[in-house]
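Bear in mind the structure is a predicted one, so any value in this text is a computation, not a measurement.
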Amino acid sequence: MKKQSSGDSENQTTWLILVGFGDLQSLGFLPFTLFLAIYVVTVGGNTLILLAVASSQTLHTPMYFFLCHFSLLEIGYTSNITPQLLQSFLEGRDFISLVDCLIQFYMFASLAAAECLLLSAMSYDRYLAICHPLHYPVLMSTWFCSCLAAGSWLSGFFFSAFTLALAAPLSLCPGIRQIDHYFCDFAPVVGLFCGDVGVMWEAGVSISGFLTVTPFLLIVTSYAFILRVVLQIPPGPRRQKAFSTCSSHLSVVGVFYGTLIVVYVAPTDHMAPWLRKAFTILYTVFTPMVNPIIYSLKTVDVSSGDS
């Protein structure tokens, strides 16, 4: 637990308490060791993808250009949250400053939004590669790929900054500020403020909805056209390759959006706090670990460095 040297009044206005998974302290080092191993596998797996693509000229294609950006997002995404989670396993309740909490929320929201947008860019890349193969090299040029990737990053950080800026005129609620979570998610952060928080809440929900639903619709549309074209291809290696490259991306989309729906769309009002936190771990900890495994198993180029 972090020691605070300021007075009680300053502590109440500066420091927050993250409850985390303090109840699991009775299990000793088991949960800490488990999630530390997951974190190492996540960072290591995504780093290996970056190294594999960088070291192989045959992988210098738009598909793997986007995959590298996706791996960078996953590394930042999990590194923003998992260290705090590991600390909570060791110390139980953890103190975090208000500034650090807001920064963590901003990074989490920005990287999650950028990930949604990048997934839609990856689906558009697959659409052009399969539905317009003759024009693909011209349409998906290096400059256009860079614009799509940069647009995903910048849009995620810009819209999240706009949401966070709405908290500036609000005042913190008095009393002990305890967050029954293991990181600073949107709802707990909004709950810290008093006054007219409706604007911040509505803006946050609207922006997050736009940045998740719109890319999802683009992904569904892209794969609807892809499926129509693939089914017209005669059975053989060409159809198998198309299904292979698309299935890896579709699996990542399914895991990512599936966990988001469980946490943010499914009714959780009557769900126990520990169960909500457990579901949240699905997309903040397990999904970044599963993604490189999916691409390594289902994409021959990444796992073998060939073709």
Side-chain angles (χ1 to χ4, degrees), residues 33-86 107-108 110-126 128-129 136-137 140-154 156-157 219 240-256 259 281-307:
T33 304
L34 173 63
F35 283 91
L36 177 61
I38 292 174
Y39 180 60
V40 171
V41 170
T42 300
V43 175
N46 283 287
T47 302
L48 285 177
I49 287 180
L50 294 173
L51 294 176
V53 174
S55 61
S56 176
Q57 287 292 333
T58 59
L59 300 183
H60 291 180
T61 62
M63 175 180 174
Y64 295 108
F65 171 80
F66 289 125
L67 182 56
C68 285
H69 280 272
F70 191 76
S71 293
L72 286 173
L73 282 171
E74 294 284 59
I75 292 173
Y77 189 74
T78 190
S79 296
N80 179 50
I81 294 174
T82 306
Q84 195 89 41
L85 176 62
L86 293 174
M107 293 300 297
F108 162 73
S110 301
L111 294 173
E115 199 163 311
C116 291
L117 295 171
L118 192 64
L119 284 172
S120 65
M122 294 170 74
S123 68
Y124 182 66
D125 168 69
R126 292 297 83 207
L128 291 179
Y136 177 71
M140 195 57 70
S141 62
T142 302
W143 178 84
F144 186 59
C145 290
S146 300
C147 288
L148 288 176
S152 299
W153 284 86
L154 294 175
F157 279 87
I219 292 170
Q240 184 178 0
K241 183 178 180 180
F243 272 124
S244 176
T245 57
C246 290
S247 63
S248 57
H249 180 253
L250 272 176
S251 298
V252 170
V253 170
V255 170
F256 182 76
T259 52
I281 282 182
L282 289 176
Y283 73 91
T284 58
V285 178
F286 283 104
T287 299
M289 178 190 68
V290 170
N291 289 344
I293 296 176
I294 290 175
Y295 274 104
S296 296
L297 291 177
K298 294 193 175 184
T299 305
V300 178
D301 290 341
V302 171
S303 59
S304 65
D306 296 330
S307 104

Any donor-acceptor N/O pair, Ser55 side chain to Ala52 backbone, under 3.5 Å: yes
For the student: nearest non-hydrogen atoms of Leu86 and Leu36, plus distance: CD2-N, 3.6 Å
Non-hydrogen atoms of Leu72 and Leu50 that approach each other most closely: CD2-CD1, 3.7 Å
Proximity of Phe65 and His69 rings by center, below 6.0 Å: yes
Gap separating the CG atom of Leu85 from the CD1 atom of Ile81, nearest 0.5 angstrom: 9.0 Å
For Ser79 against Tyr39, the heavy-atom pair lying closest together: OG-OH, 2.9 Å
Spacing of Cys145 atom SG and Tyr64 atom OH [to the nearest 0.5 Å]: 14.0 Å
Rounded distance (nearest 0.5 Å) linking atom CG of Asn291 with atom CD of Glu115: 6.5 Å
Trace of the side-chain contact (heavy atoms from CB on, under 4.5 Å) decision for Tyr124 with Ile219: CA-CA 7 Å; Tyr124 182 66; Ile219 292 170; over 6 Å; no
Side chain proximity check, Asp125 to Tyr136, heavy atoms < 4.5 angstrom: yes
Any side-chain heavy-atom pair of Val255 and Phe286 under 4.5 Å: no
Minimal non-hydrogen separation, Leu59 against Val53, with atom names: O-CG1, 3.7 Å
Cys116 SG to Leu111 CG distance, which is reported to the nearest 0.5 Å: 11.0 Å
Heavy-atom side-chain proximity of Tyr77 to Met107 below 4.5 angstrom: no
Close side-chain approach of Trp153 and Ser110, heavy atoms under 4.5 Å: no
Exam field: side chain Ser152 to backbone Leu148, donor-acceptor pair closer than 3.5 Å: yes
Contacts of Phe256 that satisfy ring-ring contact (aromatic ring centres under 6.0 Å, His included) - sequence neighbours left out: none
Distance, nearest 0.5 Å, that separates SG of Cys68 from CG of Leu73: 11.5 Å
Asn46 (side chain) donor-acceptor with Thr42 (main chain) under 3.5 angstrom: yes
Distance-minimising heavy-atom pair for Thr82 and Phe35: CG2-O, 4.4 Å
Heavy-atom closest pair, residues Phe70 and Leu118: N-CD2, 3.3 Å
